[in-house]
Amino acid sequence: MVEFKFPAWYTTPMAQVVLVGITCFATVGMFSAVSNLGAGGLSDVALSDTSNGVLYGCFAITGLVSGGINNLLGPRLTLFIGTLGYALYVGSLWCYQTQGTGWFVIFAGAILGISAALLWSAQGSIMMSYPLEKDKGKAFAVFWAIFQFGSFIGSIIALAINIRSGKLSAVSTSTYIAFLVIIFIGVASSFLVLPPNRVIRSDGTIVKLEAVSKPHEEVVGMVRLLKDWRMLALVPMFFASNYFYAYQGAVNAARFDGPTRALNATLEGAGAIVGALMIGYFVLDLKYFHRRTRGYLGLATVVVLVVIVWSVALAWQVTFTRADLNDGNRINYHDAAYKGKGALYFFYYFADACYQALAYWIMSALTNDPFTLARYAGLYKALQSAGAAGSFGMDAVATPFLNEHLASWVLMLVSFPLAWLVLRTVKETNYEDEKVVYVDDVKRAHAEEGLGAAGPATDSLEKGSLEEQSEPALARDA
């Protein structure tokens with residue numbers, strides 16, 4: 001299991017989180033950049049809503065089993081398959097731009113929904129299970145910052161092209177070419193990810209001895225997942241976590257011209273990066289507080305942000321309706337009417353990053369097992385995508401913007417008391433309840449038996465995750 005030698009830095013959890021971040025930077029990040037331009041980069045908002053509805057519907061269905069598929073195939077292959085749908089989808093947008101093939105956009109949306117569920121289950125398992133408990137907030141921050149940097153860079157590319165080309169109702173062809181080149185780099189990067197049995201934490205423990213799971217174990221694991229009251233309590237949080245994207249994208253498309261939509265997308269990417277780093281490093285992983293207290297602080301931070309940001313958005317939303325908007329009164333970033341709108345879109349995604357961070361942190365605080373966390377991630381993405389499918393469906397039938405705004409806001413507010421109930425069950429550490437294996441024990445067993453099999457698991461605290469780190473544990477660091 002450990003005969004093949006990788007560089008020590010390459011087998012660390014954070015290196016693997018960075019690699020997954022790079023993969024998502026180049027694939028999901030480019031997709032987000034196109035989507036955040038308003039109407040998914042399309043001039044036909046109805047087609048965009050239909051495609052996104054199909055995408056998230058397929059995402060929701062596949063997400064229920066994608067965690068199990070990841071555990072059976074392993075994160076590397078699952079991640080690779082998951083990246084392919086993003087190339088197809090962006091290619092379909094390009095094809096529509098030149099050939100008007102609306103059916104291809106909808107078909108690609110369905111394929112992307114299936115592949116994206118696989119990608120995000122693999123990503124969630126790696127990000128939540130590989131790091132030490134004390135580093136899980138930072139792992140999210142690093143991943144989310146790299147991933148959103150893809151959206152940020154992609155939006156800058158689109159901004160530069162669209163400003164030079166003038167006011168556009170749709171994204172230029174050269175923008176799609178730039179996106180596709182980056183996406184194929186991301187597809188190739190997925191092969192760099194290591195399975196859990198190859199990753200060694202800083203305290204010398206291996207993430208998981210088994211590289212893959214077994215089918216019957218996945219069936220039992222899914223049944224247990226659906227019977228866990230904590231997961232049921234988190235359903236509103238999961239459902240609400242992408243619900244607002246349809247509303248924000250629709251307003252961006254309807255209220256602003258092409259260059260300004262690209263500028264707003266750039267500000268969104270910047271807000272997401274800053275928000276993730278702030279909450280990951282300075283709230284969820286504060287070493288001066290117990291773990292449950294850090295969870296409470298994270299929840300309080302998110303509640304305050306959601307209340308303030310969406311209150312400001314409501315004050316703007318009541319000043320216009322769908323009927324008021326047309327091509328002649330779209331806002332340009334040079335206009336006086338744009339004042340404050342860029343800041344709103346920055347803080348929309350600042351708050352979104354904090355909301356996503358809290359959801360991931362809560363899940364990762366319940367267990368450290370990569371197989372269980374892959375199932376958690378799959379359920380999270382299934383419900384998240386079901387919410388997104390519903391919200392895009394609402395927008396496709398021209399639901400009043402105010403109704404979409406209030407639905408998005410209320411769903412988030414309802415999720416907070418239930419998230420608090422789950423946070424009350426968070427333990428200071430899960431290492432007392434879950435078996436861990438030190439790499440030194442595996443090497444010793446291999447030397448003694450000559451079989452390469454792992455020795456018995458050791459019921460031991462992963463000391464590196466606690467503030468009072470003992471010297472014996474440090475002595476065993478790999």
TODO: Output the distance between atom CG (Leu277) and atom NZ (Lys138), rounded to the nearest 0.5 Å.
DONE: 12.0 Å
Task: Residues Leu286, Thr293; criterion side-chain contact (heavy atoms from CB on, under 4.5 Å); working and verdict - done: CA-CA 10 Å; Leu286 272 178; Thr293 303; over 6 Å; no
TODO: Would you confirm whether the ring centroid of Phe143 sits within less than 6.0 angstrom of the ring centroid of Phe140?
DONE: no
Task: Separation between CG of Leu73 and CD1 of Ile81, rounded to the nearest 0.5 Å - done: 5.5 Å
Open item on the list: Keeping Asn197 on the side-chain end and Lys208 on the backbone end, is there a donor-acceptor pair under 3.5 Å?
Closed with: no
Open item on the list: Check whether Ser364 reaches the backbone of Trp361 with its side chain - one donor and one acceptor, N or O, closer than 3.5 Å.
Closed with: yes
Task: Donor-acceptor under 3.5 Å (Tyr376 side chain, Phe371 main chain) - done: no
Task: Non-hydrogen side-chain atoms of Phe59 and Lys381 separated by less than 4.5 Å - done: yes
Task: Ring centers of Phe179, Phe31 separated by less than 6.0 Å - done: no
Task: Test item: Met237 and Tyr380 side chains (from C-beta on) under 4.5 Å apart, heavy atoms - done: no
Task: Closest non-hydrogen atom pair between Leu232 and Pro236, with its separation - done: O-CD, 4.0 Å
Task: Pair Glu218 + Arg375: basic N to acidic O under 4.0 Å - done: yes
TODO: Could you tell me which non-hydrogen atom of Thr425 sits nearest to which non-hydrogen atom of Arg230, and how far apart they are?
DONE: OG1-CD, 3.6 Å
Task: Heavy-atom donor-acceptor pair, Arg76 side chain to Leu194 backbone, under 3.5 Å - done: no
Open item on the list: Please evaluate residues Tyr245 and Tyr348 with respect to the criterion side-chain contact (heavy atoms from CB on, under 4.5 Å), reporting the C-alpha separation (whole Å), side-chain torsions for both, the decisive distance (0.1 Å), and the verdict.
Closed with: CA-CA 10 Å; Tyr245 286 168; Tyr348 263 152; over 6 Å; no
Task: For the student: nearest non-hydrogen atoms of Leu418 and Ala233, plus distance - done: CB-O, 3.2 Å
TODO: Would you indicate whether the side-chain heavy atoms of Ser129 and Asp369 approach each other to under 4.5 Å?
DONE: no
Open item on the list: With a 6.0 Å cut-off on the ring centroids, do Phe244 and Trp409 count as close?
Closed with: no
Open item on the list: Can a donor-acceptor pair be found, under 3.5 Å and without considering hydrogens, that links the side chain of Glu217 to the backbone of Lys214?
Closed with: yes
Task: Heavy-atom closest pair, residues Ala272 and Ala353 - done: O-CB, 3.4 Å
- [ ] Give a yes or no on whether a salt bridge exists between Asp203 and Arg201, defined as a side-chain N under 4.0 angstrom from a carboxylate O.
- [x] no
Open item on the list: Just so I know, are the side chains of Thr12 and Ile200 near enough to count as touching, which here means a heavy-atom distance under 4.5 Å?
Closed with: no
Open item on the list: Quick check for you: to the nearest 0.5 Å, what is the distance between Leu373 atom CG and Asn368 atom CG?
Closed with: 7.0 Å
Task: Atom pair CE/CG of Met14 and Leu19 - distance to nearest 0.5 Å - done: 12.0 Å
TODO: Kindly say whether the aromatic ring centers of Phe347 and Phe350 come within a distance under 6.0 Å.
DONE: yes
Open item on the list: When you compare the side chain of Arg294 with that of Val283, does any pair of heavy atoms fall below 4.5 Å?
Closed with: no
Open item on the list: Using modelled atom types and a 3.5 Å cut-off, is there a donor and acceptor pairing between side-chain atoms of Glu428 and backbone atoms of Arg291?
Closed with: yes
Task: Nearest-0.5 Å distance, CG of residue Leu284 to CG of residue Asp135 - done: 12.5 Å
Open item on the list: Using every non-hydrogen atom in the two residues, find where Leu413 and Pro417 come nearest and quote the distance to one decimal.
Closed with: O-CD, 3.3 Å
Task: Arg261 side chain to Asn252 backbone, donor-acceptor under 3.5 Å - done: no
TODO: Look at the side chain of Thr266 and the backbone N and O of Ala262, then say whether any donor-acceptor pair between them is shorter than 3.5 Å.
DONE: yes
Task: Derivation of the side-chain hydrogen bond (donor to acceptor under 3.5 Å, both in side chains) call for Ser190 and Thr23 - done: CA-CA 6 Å; Ser190 63; Thr23 299; 5.7 Å; no
Open item on the list: If you define the side chain from C-beta out and look only at heavy atoms, does anything of Tyr130 sit under 4.5 Å from Pro75?
Closed with: yes
Open item on the list: Could you tell me if Ser51 and Tyr89 have a donor-acceptor pair between their side chains, going purely by distance under 3.5 Å?
Closed with: yes
- [ ] Carefully, step by step, assess Phe149 and Phe152 under the rule ring pair (Phe, Tyr, Trp, His ring centres under 6.0 Å).
- [x] CA-CA 5 Å; Phe149 196 65; Phe152 180 70; 5.8 Å; yes
Open item on the list: With heavy-atom distances below 4.5 Å as the criterion, would you say the side chains of Ser121 and Ile69 are in contact?
Closed with: no
Open item on the list: Taking the ring of Phe147 and the ring of Phe25, is the distance between their centroids below 6.0 Å?
Closed with: no
- [ ] Can you measure from OG (Ser155) to CG (Leu159) and round to the nearest 0.5 angstrom?
- [x] 8.5 Å
Task: Criterion side-chain hydrogen bond (donor to acceptor under 3.5 Å, both in side chains) on Tyr355 and Ser415, from CA distance to verdict - done: CA-CA 11 Å; Tyr355 193 92; Ser415 72; 2.9 Å; yes
Open item on the list: Can a donor-acceptor pair be found, under 3.5 Å and without considering hydrogens, that links the side chain of Glu133 to the backbone of Asn430?
Closed with: yes
Task: Within 6.0 Å of OH in Tyr281, more than 12 heavy atoms from elsewhere - done: yes
Task: 4.5 Å side-chain heavy-atom contact, Tyr349 and Asp352 - done: yes
- [ ] Determine yes or no for a side-chain-to-main-chain donor-acceptor pair under 3.5 angstrom, with Ser391 supplying the side chain and Tyr243 the backbone.
- [x] yes
- [ ] Run the salt-bridge test on Asp433 and Lys427 with the 4.0 Å N-O cut-off and return the result as yes or no.
- [x] yes
Task: Heavy-atom pair with the smallest gap, counting every atom of Ser385 and Ala60 - done: CB-N, 3.7 Å
